[in-house]
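Beneath this line is the structure, given in structure tokens, with notes to follow.
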Amino acid sequence: MSEFEATSLRDVLCGALSVADVGRRVSVCGWVARRREHGEHLAFLDLRDRSGILQAVVEGTLEVRNEYVVRVTGTVTPRPEGTRNERLATGAVELTDCEVEVLAAAEPSPLPLDEHAEADEAVRLRYRYLDLRREQMQANLRLRARVNTALRAAMDAQGFVEVETPLLWAPTPEGAREFVVPSRLHEGEFYSLPQSPQIAKQLLMVGGFDRYYQIARCLRDEDLRADRQFEFTQLDLEASFVTQEDVRRFVSRAVLDAAQAATGERPGEIAEMTWAEALDRYGTDKPDLRFEMTLCDLTAAFATTGVRAFQAPCVKALRVPGGAGLSRSRLDQLVERAKALGAKGLAWFRVGPDGLESPLVKLLTPEESAAVADVDGAAPGDLVLAVADAHALACRVLGALRVELGAPPVSAGPHRYVWVVDFPMFEGLDEEGHPVAAHHPFTMPHPDDLERLGSDPLSVRAQSYDLVLNGWELGSGSVRVHRPDVQREVFRSLGISDEEAEYRFGFLLGAFRYGAPPHAGFAFGVDRLVAIFAGVENIREVIAFPKTQSGADLMTGAPKVISERQRRDLHLGAPRPA
RNA sequence: GGACCUGUGGUGCAGCUCGGAGUGCACGCCGCCCUGUCAAGGCGGAGGUCGCGGGUUCAAAUCCCGUCAGGUCCGCCA
């Protein structure tokens with residue numbers, strides 16, 4: 001612990017004191033974590049600051065309550081034989097001959113702050129400033145700060161320059177729903193808050209900053225989840241004169257440095273997998289490689305089946321080790337779950353010592369039964385789940401069930417990183433028959449597939465790549481379009497007319513006419529990365545002041561009604577009557 | 001927009017199926033006692049719109065409907 005911690009009010013941090021300091025007369029500042037009074041002659045006071053807890057011995061009665069802010073001046077003394085506390089880092093010493101100065105009184109805390117008690121998250125969020133005093137929140141946010149520092153250092157070491165981009169940007173039609181900000185000076189017009197600095201960083205490439213990065217706040221007005229907040233933080237980067245391999249190298253360096261800073265261990269090389277393999281084997285484009293349970297293909301075994309439920313372009317199966325013990329009601333739940341995910345049904349087979357057990361089993365030929373019983377080397381006690389449908393749907397449904405039935409908790413580790421590469425350019429069609437961009441419309445199609453952009457868009461591969469950690473999508477990137485003709489062609493294939501492209505993205509297309517370098521980039525979510533490092537299931541645990549699932553801030557009460565005057569200034573109509 | 005779970009003194013829970021007086025446990029809080037505790041201990045005490053509204057019933061924390069809040073998920077998240 002460094003002496004930089006000394007201030008005019010304190011000499012050291014509580015957690016820094018040890019037998020090496022015996023004899024020192026020191027002042028420490030912090031909160032009263034606990035008191036133990038033994039009548040009018042002796043009391044113990046546990047003082048907490050961000051570094052830990054220190055016991056002060058007070059002769060007489062205490063004039064303080066829990067969470068009072070106090071300054072204690074005392075002498076570092078070895079604890080008497082037999083009274084050391086092994087569970088406390090400072091448990092070999094205590095402060096004696098103490099003066100206690102109250103810096104601020106405190107009402108009783110509405111939520112417990114000690115590490116043994118759990119509080120309802122709504123209460124924690126309402127009193128977040130108290131929740132942040134808890135050891136776990138202190139650790140999470142300090143971990144996050146170390147990650148940020150490591151990321152900045154890694155990018156700096158690789159020659160990237162940090163450039164800030166606007167929060168007030170122009171509305172763009174594609175992609176996530178945007179937060180908009182009404183203009184006071186331009187009646188009826190709006191800024192938007194950036195979903196990401198995507199276009200800005202591409203313009204920085206045109207502007208000659210050939211290696212840009214930013215720890216950027218991004219805002220998306222979409223429904224919240226355990227891993228999604230309205231606003232989140234990305235390490236955003238872009239580089240010119242590079243291939244996707246170069247970009248992956250830059251990102252890998254940053255992520256591995258962050259992992260080392262966070263965990264003390266440097267992970268090995270990051271694995272690589274094609275999008276098609278991820279879908280086929282794991283049923284998702286963000287595979288969790290911590291556990292096996294890969295999907296098996298039974299299409300051939302059921303090619304000539306007479307069972308209507310298995311007459312489909314594809315039959316996929318998943319072995320659930322030990323799953324034969326699942327109750328019938330749990331199996332019914334899984335069937336419902338599969339249907340909710342879009343499957344027509346879900347077949348289940350308990351593998352017993354005497355063969356399969358299932359409502360369907362008497363319909364199967366011996367060959368079909370044998371194929372099911374052999375899925376992924378199934379053994380008695382296992383469960384086999386099967387979905388027959390189009391390939392992608394069958395894979396996705398079983399992939400979701402694989403995670404629900406098999407994924408270890410976030411805190412379990414280990415950390416298994418994987419690059420998912422060779423994404424398709426588009427995934428499916430929208431209601432108007434236009435292809436939907438799998439990544440974003442600035443992604444460069446694979447050069448061999450360029451001429452099919454108009455004729456057969458769904459077959460076009462993209463030069464894009466995702467980074468996945470333990471089943472969480474950390475981020476994605478791509479080689480970008482840097483030619484105006486190609487960009488227009490991509491916009492057209494997405495159903496964006498030349499006129500609309502000109503209005504929304506004219507500044508980008510214009511920029512590309514003046515010598516745009518080939519460039520590529522990436523962005524990944526810092527909140528998610530830190531959450532996994534911290535071993536928590538929810539990114540709220542690594543955000544100082546997060547919002548609830550309905551987008552409310554329970555502490556400030558946001559969102560709130562604004563005054564009539566503010567409304568007028570912003571040219572907004574009257575609020576809807578209550 | 002939809003599905004499911006949760007809501008009981010300041011906090012965490014039990015009570016809810018099968019209706020019968022706000023019943024219980026732990027923590028915290030207040031008071032008293034206690035000279036080596038450390039999630040101190042002992043004794044005593046205060047603290048409640050059972051989220052809210054409606055319905056059923058002689059009677060509702062408990063059953064029904066609606067609603068609000070928190071959570072997990074689907075849709076959504078280029």
Side-chain angles (χ1 to χ4, degrees), chain A residues 33-47 53-61 65-67 77 79-88 90-91 94 96 107-127 130-131 172-178 195-196 198-199 218-230 232 333 336-342 396-397 400 403-404 423 425-427 430 434-443 462 464 473 476 478 490-491 494-496 523 525 537-538 540 547-552 554:
Chain A
R34 217 169 270 120
R35 303 148 289 148
R36 293 175 293 279
E37 292 189 85
H38 290 251
E40 55 188 307
H41 300 294
L42 174 69
F44 299 96
L45 183 162
D46 284 351
L47 186 65
I53 284 187
L54 178 66
Q55 173 169 283
V57 184
V58 175
E59 289 164 24
T61 54
R65 301 288 182 187
N66 285 347
E67 299 307 316
T77 310
R79 290 205 190 178
E81 208 54 48
T83 67
R84 299 204 172 130
N85 184 346
E86 302 298 333
R87 280 177 298 175
L88 217 55
T90 60
E94 60 193 7
T96 58
E107 293 177 18
S109 171
L111 69 151
L113 301 183
D114 67 284
E115 65 273 30
H116 310 283
E118 282 298 308
D120 184 78
E121 196 181 359
V123 179
R124 292 176 55 202
L125 290 179
R126 181 170 170 201
Y127 300 98
L130 296 179
D131 189 45
T172 52
E174 287 296 305
R177 187 182 297 112
E178 298 167 310
Q195 310 161 41
S196 83
Q198 178 61 36
I199 297 174
C218 306
L219 298 108
R220 297 180 186 174
D221 188 4
E222 299 288 354
D223 287 2
L224 288 65
R225 286 285 193 282
D227 62 350
R228 278 161 38 189
Q229 285 269 307
F230 280 154
F232 58 100
Q333 274 178 21
E336 287 312 305
R337 178 75 181 133
K339 287 178 179 170
L341 291 165
R396 286 185 191 282
V397 169
V403 168
E404 287 177 26
F423 273 72
M425 187 79 183
F426 307 100
E427 47 186 28
D430 65 16
H434 297 299
V436 179
H439 187 49
H440 58 54
F442 314 109
T443 300
S464 68
E473 181 192 320
S476 58
S478 63
V490 172
F491 282 146
L494 289 168
I496 301 174
E537 305 278 344
N538 196 300
R540 291 189 298 272
K547 292 180 177 56
T548 67
Q549 191 162 44
S550 70
L554 297 182

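Here is how names work: the chains are called A, B, and so on, in the same order as the sequence lines, proteins then strands, and each is numbered from 1. Values reported hereafter were calculated over all heavy atoms of this structure, with side chains retained and with hydrogens, waters and symmetry mates removed.
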Should the side chain of [X] and the base of [N] be counted as holding a donor-acceptor pair, with the cut-off at 3.5 Å?
X: A/Arg79; N: B/U37; value: yes
X: A/Gln55; N: B/U37; value: yes
X: A/Arg228; N: B/C76; value: yes
X: A/Arg84; N: B/C38; value: no
X: A/Arg225; N: B/G75; value: yes
X: A/Asp223; N: B/G75; value: yes
X: A/Glu94; N: B/G36; value: yes

Inset, instruction - Look at the side chain of A/Leu42 and decide which nucleotide, out of B/U35, B/C76, B/G12, has an atom nearest to it. - result: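 So the nucleotide nearest the side chain must be B/U35.
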
Legend entry - Given B/A40, B/G70, B/C77, the nucleotide with the shortest approach to the side chain of A/Arg34: B/A40

Return the pairing partner of [N] with a 3.5 Å limit on both distances, Watson-Crick or G-U wobble; otherwise return none.
N: B/A69; result: B/U6
N: B/C25; result: B/G12
N: B/G48; result: none
N: B/U17; result: none

Legend entry - Spacing of A/Thr443 atom OG1 and A/Phe423 atom CZ [to the nearest 0.5 Å]: 10.5 Å

Legend entry - Nearest-0.5 Å distance, NE2 of residue A/His440 to OG of residue A/Ser476: 7.0 Å

Atom-to-atom span, [atom1] of [X] to [atom2] of [N] - whole angstrom:
X: A/Leu554; N: B/C68; atom1: CG; atom2: P; value: 16 Å
X: A/Leu111; N: B/C29; atom1: CG; atom2: P; value: 13 Å
X: A/His41; N: B/A40; atom1: NE2; atom2: P; value: 22 Å

[N] to [M] separation - [atom1] atoms, rounded to the nearest Å:
N: B/G75; M: B/C4; atom1: C1'; value: 15 Å
N: B/C27; M: B/C73; atom1: P; value: 35 Å
N: B/G15; M: B/G55; atom1: C1'; value: 24 Å
N: B/A21; M: B/U67; atom1: C1'; value: 29 Å
N: B/C50; M: B/U8; atom1: C1'; value: 4 Å
N: B/G45; M: B/G24; atom1: P; value: 12 Å
N: B/G9; M: B/A26; atom1: C1'; value: 14 Å
N: B/C38; M: B/A60; atom1: C1'; value: 47 Å

Could you tell me whether [X] contacts a base, only the sugar-phosphate backbone, or nothing, with contacts defined as non-hydrogen atoms closer than 4.0 Å?
X: A/Ser550; result: sugar-phosphate
X: A/Pro441; result: base
X: A/Pro80; result: base
X: A/Arg35; result: sugar-phosphate

Inset, instruction - Indicate whether any N or O donor in one side chain lies under 3.5 Å from an N or O acceptor in the other, for A/Gln229 and A/Arg220. - result: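 Checked: A/Gln229/A/Arg220 side chains show no N/O donor-acceptor pair below 3.5 Å.
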
Inset, instruction - Give a yes-or-no answer on whether the side chains of A/Asn66 and A/Arg35 include a donor-acceptor pair shorter than 3.5 Å. - result: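 Side-chain D/A pair, A/Asn66 to A/Arg35: present.
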
Should [X] be listed as having a side-chain N or O under 4.0 Å from OP1 or OP2 of [N]?
X: A/Thr83; N: B/U37; result: no
X: A/Arg36; N: B/U37; result: no
X: A/Asn85; N: B/G36; result: no

Inset, instruction - For A/Thr90 and A/Gln55, run side chain to side chain donor-acceptor pair (under 3.5 Å): C-alpha distance rounded to whole Å, both residues' side-chain angles, the deciding distance at 0.1 Å, then the answer. - result: CA-CA 8 Å; A/Thr90 60; A/Gln55 173 169 283; over 6 Å; no

Legend entry - A/Asp46 bridged to A/Arg36 by N-O distance under 4.0 Å: yes

Legend entry - Carboxylate-amine/guanidinium proximity below 4.0 Å for A/Arg337 and A/Glu404: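 Salt bridge flag = yes for A/Glu404 with A/Arg337.
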
Inset, instruction - Specify the residue among A/Arg540 and A/Ala438 whose closest nucleotide of RNA chain B lies further upstream toward the 5′ end. - result: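 Its nearest nucleotide lies further toward 5', so the answer is A/Arg540.
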
Inset, instruction - Indicate whether A/His38 forms a stack on B/A40; treat it as stacked only if centroid distance is below 5.5 angstrom and interplanar angle below 30 degrees. - result: yes

